[in-house]
Amino acid sequence: MKIIKFKNSKLLYLSFVLFFTQIINAQDTIPISKQNVLDEVTVYGEKRENKVQKTATPITVIDEKKIKSSVIQSLNDISGFAPNLYVSNAGSPTLNFISLRGIFQFSANLSLVGVSVDDVPMLNAYSMSSQIENIERIEILRGPQSTLYGGNAFGGIIAITTKKPTNVFHSFAEVGVGNYNLLRTKAGASGAIIKDKLFAGASLYHNGLEGIYYNTTLNRNYDKTQNTGGNIFLKYVGNNGFSLRLNSRIEYNNLKGIFPYVNTKEEAFAPSYTNTANGSNIEKRMLFSNSLLAKYETDKHIFSSVSGYTFLNDKYDDYDVDFTKYDWFKFTQNDPINTFTQEFKIATKNQDKLRYVIGLYGFLDDHYNTETRTFVGSDAVALGSNYASAPFSTGNQSTRKEYGLAVYTNINYALTDKLDVIAGLRLDYSWREMVLKGDFIKEPYPPMMNPEKNFSGKDVAISPRVGFAYKLKDDFLLFANYSRGFNPGGLNQYTTNPNYTSYKPQYLNTFEIGQKAQWLGNKLRTNTTFFYSIWNDQQQTGFLPPDYLEQAITNNGKLNLYGAEAEISALIFKGFQVDYNLGFTQTEFKSLLLLDPSNPTTVLDYKGNKQVFTPNITSTLSFSYQHTIFKNTDIRFTPEWKYYGQQYMNYYNTVEQAPFHILNANLAVKHGCWELSFWIKNATKSKYLAFFNASSASNGYSLLGAPQTFGTTFRVDL
């Protein structure tokens, strides 16, 4: 930073690595008042309390204020709030696909960007809570986090922390309405039962929405979603640094008209938000998750135990998988899952010369009595000789168990007052087993049963991390990291073909350099990062010929990714803040083995293709203006503009989504204990392809992003 003097004025010239070069009037545009500074952001991403600007890891924090002002109601809403973060809804409120720096896996049951709630990892993509309720903050860590988190976060992690009660009693009630018959209600209360000792909190919510899609076969509105849930929180603070915390959350989803796909990109756009499926596409889902934290703190250490239990029961019924008016293929599934996790951890508490985290983590993921049944209807006879005996059904029953054990450590050592060396290591051991059987039913004949088969596998992996952090001065940090991500192999219950019932692990090696800086007395922040990643043995989900009803998961890709990220926050004047982030990602498959669409018995190498669901640019600009208009009455206006660059929707790179933008805004008036807000999302009515069957060369699973929605919310806090 330097001052440049001109004849008639003094200008402040700011220049930092990449993306941001600007001339600012030092006297007029950003007043240097000590009362007006950006808020310091505290993070826990490195398993200890620290300031985000002093953490040698690219982290974005979405705090409670941002969640409220940007009307963040689901995981899908956080898309774009961190550089190179893209979240796409796959057609049901219960399923979001997350891409971070191009790390994305087209699989219904796995996200390579981990999601944890109160330090408990959500191991299954369907077990991620569909609602953002009662949340204190969301931390988004980019790059592999193997040496910091028990649940191995292959490409990054989204760590969600819920609100905690305090000695001050607090209660709230909220109701919101909007177009498409939107209704959102929630209420809660928290406080101390015994001051400084025993705390409790509880909240409830119910959300409903219907009428976005119209079904031309059934001649009615197709989609209707009802989501109900809540949580109970208890905390006990004992003597001598001991505390105990229990958080239980439950969520029930009653959904009709889920996954309202059409078969081609062209059908999705014209006419938009219509479909022709002849099934009701029903999903009933219950998610019950619990975390128990026992913690003991000394002057220098934190000893903790986090126990997690999640039960997920996700049922599908009358689900049309051909997306047409014809009675071709329908699908039902019942997949109950019990997941247990346990993590023991020791972390240094303060900023001594030596700081470390040591952890032991284990999990059990138990899919018991999963049943998937495909119904081939009478109209399928016209599709060829494979369906000459239609109608009939095929069933797939499985019991799967996956176990894992890991030990990890992450160490920061201050070589000098300015230079820290970072080192970490993780050892993973995982194993799995599956019992699989199937049947063929054609009425009135007796069922034909496939013999029961047993499968098993195991993996061992070492994941290192090395890096350094150099404090150029108190408000300027330079850092560099190398980290490795590991994701174990698995067993595939969606096929009876023995060649595709198991798949191998995949690995990610990431290199990054960056800087974090504060300027103008903490009125301006600039964080930038450059990264390069090599992804080996990429796991991909595809569909097997000739009928493409069975799935295969194979290790058929090697992918290189590189890019850059910038985050800027500026306090222009008191009450007016500007935040901007920009992400740039380039990808290239060095090897990509796919079935030849014109001859499905042949495999071709699509080397040079781009990764799917990865915009080459993400850009988010938001403003926050808050002003007191008279005593006890404030007004807040928060517009935001999101831009996503070109992306490919399938591995063949034959289906492309052109760049598009989203404009959102929220206007709120707060007086005393009540607040009234008016919000709009996708104000410009942008139409874009949000989802596509990534394994298909030309058609299947096409879905538009959400249309324009708007509403109003009234809230009371006591």
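- With respect to Phe331, the ring-ring contact (aromatic ring centres under 6.0 Å, His included) criterion is satisfied by exactly one of Phe323, Phe259, Tyr319: Tyr319.
- Between the OG1 atom of Thr510 and the CG atom of Asn481 there is a distance of 10.0 Å, given to the nearest 0.5 Å.
- Put simply, the side chain of Tyr507 does not reach to within 4.5 Å of the side chain of Ser463, judged on heavy atoms.
- At a threshold of 4.5 Å between non-hydrogen side-chain atoms, the residues Thr94 and Leu255 count as touching.
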- request: Start with the C-alpha gap between Tyr482 and Asn509, add the side-chain angles, then the distance that decides, and say whether side chain to side chain donor-acceptor pair (under 3.5 Å) holds.
  value: CA-CA 7 Å; Tyr482 159 74; Asn509 293 288; 2.6 Å; yes
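- By the salt bridge (Lys or Arg N to Asp or Glu O under 4.0 Å) test, Lys68 pairs with Glu675, sequence neighbours left out.
- Looking at Asn84 and Glu565, their side chains do bring a donor and an acceptor atom within 3.5 Å of each other.
- The side chain to side chain contact (heavy atoms under 4.5 Å, CB included) test with Asn581 singles out one residue from Thr620, Leu621, Leu85, and that residue is Thr620.
- Every pair passing salt bridge (charged side-chain N to carboxylate O under 4.0 Å, His left out) that includes a residue from residues 73-89 is listed here, sequence neighbours excluded: Asp77-Lys681.
- The structure places CG of Leu593 at 8.0 Å from OG1 of Thr554, a figure rounded to the nearest 0.5 Å.
- The minimum heavy-atom distance between Ile513 and Ala480, with the atom names listed, is CG2-CB, 3.7 Å.
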message: Between Phe511 and Phe530, is the ring pair (Phe, Tyr, Trp, His ring centres under 6.0 Å) condition met? List the steps.
response: CA-CA 8 Å; Phe511 306 84; Phe530 301 87; over 10 Å; no
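- Across all non-hydrogen atoms, the minimal contact from Pro707 to Tyr180 is CG-OH, 3.6 Å.
- Side-chain atoms of Gln518 and Arg525 form a donor-acceptor pair, as typed in the model, at a separation below 3.5 Å.
- Side-chain contact annotation: Tyr580 with Ser619, donor-acceptor N/O pair under 3.5 Å present.
- The distance between the ring centers of Phe613 and Phe691 falls below 6.0 angstrom.
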message: Checking Thr147 against Ser483 for the side chain to side chain contact (heavy atoms under 4.5 Å, CB included) test, could you report, in this order, the C-alpha distance in whole Å, the side-chain angles of both residues, the deciding distance, and whether it holds?
response: CA-CA 9 Å; Thr147 63; Ser483 54; over 6 Å; no
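- Note that CG of Leu571 is 9.5 Å distant from CZ of Phe576, once rounded to the nearest 0.5 Å.
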- request: Apply the test side chain to side chain contact (heavy atoms under 4.5 Å, CB included) to residues Trp679 and Thr709: give CA-CA distance (whole Å), side-chain angles for both, the deciding distance (0.1 Å), then the verdict.
  value: CA-CA 9 Å; Trp679 55 268; Thr709 55; 3.8 Å; yes
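- Taking the side chain as every heavy atom from C-beta outward, Leu704 and Phe269 approach each other to under 4.5 Å.
- Atom CG of Asp119 sits about 12.0 Å away from atom CD1 of Ile160, to the nearest 0.5 Å.
- For the residue pair Ile157 and Gln145, the shortest heavy atom distance occurs at CG2-CG, 4.2 Å.
- Of the possible polar contacts, one joining the Asn555 side chain to the Pro505 backbone as a donor-acceptor pair under 3.5 Å is found.
- Looking at every heavy atom in both residues, Glu64 comes nearest to Ile135 through CG-O, 4.0 Å.
- If you check the side chains of Asp322 and Thr324, you find a donor sitting under 3.5 Å from an acceptor.
- Two residues are said to be in side-chain contact when any heavy atoms from C-beta on lie closer than 4.5 Å; Leu561 and Ile103 meet this criterion.
- When Phe486, Phe589, Phe154, Tyr562 are each tested for a ring-ring contact (aromatic ring centres under 6.0 Å, His included) with Trp535, only one passes: Phe154.
- Between the side chains of Tyr261 and Asp320, no donor N or O sits under 3.5 Å from an acceptor N or O.
- Remark: side-chain polar atoms of Lys610 are not paired, donor with acceptor, to backbone N or O of Asn616 under 3.5 angstrom.
- The closest side-chain donor-acceptor pair between Ser624 and Lys65, if any, does not fall under 3.5 angstrom.
- Between Asp579 and Phe81, every side-chain heavy-atom pair lies at or beyond the 4.5 Å cut-off.
- No more than 12 heavy atoms of other residues, nucleotides or ligands shown are found within 6.0 angstrom of NZ on Lys224.
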query: Is there a side chain to side chain contact (heavy atoms under 4.5 Å, CB included) between Ile138 and Lys66 once you walk through the steps?
result: CA-CA 10 Å; Ile138 303 170; Lys66 185 68 173 177; over 6 Å; no
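- Judged by distance alone, the side chains of Gln506 and Asn487 do bring a donor and an acceptor atom under 3.5 Å apart.
- Here the CG atom belonging to Leu663 is positioned 5.5 Å from the OG1 atom belonging to Thr684, to the nearest 0.5 angstrom.
- Among all heavy-atom pairs drawn from Asn664 and Asn682, the shortest one is OD1-N, 2.9 Å.
- For the pair Arg101 and Phe531, the cation sits on the ring face: its NZ or CZ lies under 6.0 Å from the ring centre, inside 45° of the axis.
- Ring centroids of Tyr606 and Tyr651 are separated by 6.0 Å or more, keeping the two rings apart.
- Contact annotation: the side chain of Ile572 never approaches that of Phe623 to less than 4.5 Å [non-hydrogen atoms, C-beta and beyond].
- Screening Lys516, Gln515, Glu567 for a side chain to side chain contact (heavy atoms under 4.5 Å, CB included) with Thr526, the sole residue that qualifies is Gln515.
- Classification of Glu251 and Arg285 as a salt-bridged pair holds, one side-chain N sitting under 4.0 Å from a carboxylate O.
- The CD1 atom of Ile258 sits 8.0 Å away from atom OH of Tyr222, with the distance rounded to the nearest 0.5 Å.
- Side chains of Glu588 and Gln586: a donor-acceptor N/O pair is absent below 3.5 angstrom, by distance only.
- No donor-acceptor pair closer than 3.5 Å links the side chain of Gln646 to the backbone N or O of Glu656.
- Counting heavy atoms from C-beta on, the side chains of Phe692 and Tyr701 never come closer than 4.5 Å.
- Across all non-hydrogen atoms, the minimal contact from Leu703 to Ala90 is CD2-C, 3.8 Å.
- For the pair Asp223 and Pro260, the minimum side-chain heavy-atom distance is 4.5 Å or more.
- Checking side-chain atoms of Arg137 against main-chain N and O of Ile67 turns up no donor-acceptor pair under 3.5 Å.
- When each of Asp63, Thr60, Val61 is paired with Glu139, the side chain to side chain contact (heavy atoms under 4.5 Å, CB included) condition holds for Val61 and for no other.
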task: Take Tyr532 and Asn560 through the test side chain to side chain donor-acceptor pair (under 3.5 Å) and record every step on the way to the result.
output: CA-CA 8 Å; Tyr532 181 79; Asn560 287 3; 3.1 Å; yes
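- Here the side chain of Asn650 pairs a donor or acceptor atom with the backbone of Val655 at under 3.5 angstrom.
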query: Passes side chain to side chain contact (heavy atoms under 4.5 Å, CB included), Ser70 versus Glu640? Steps please.
result: CA-CA 8 Å; Ser70 295; Glu640 59 194 27; 3.0 Å; yes
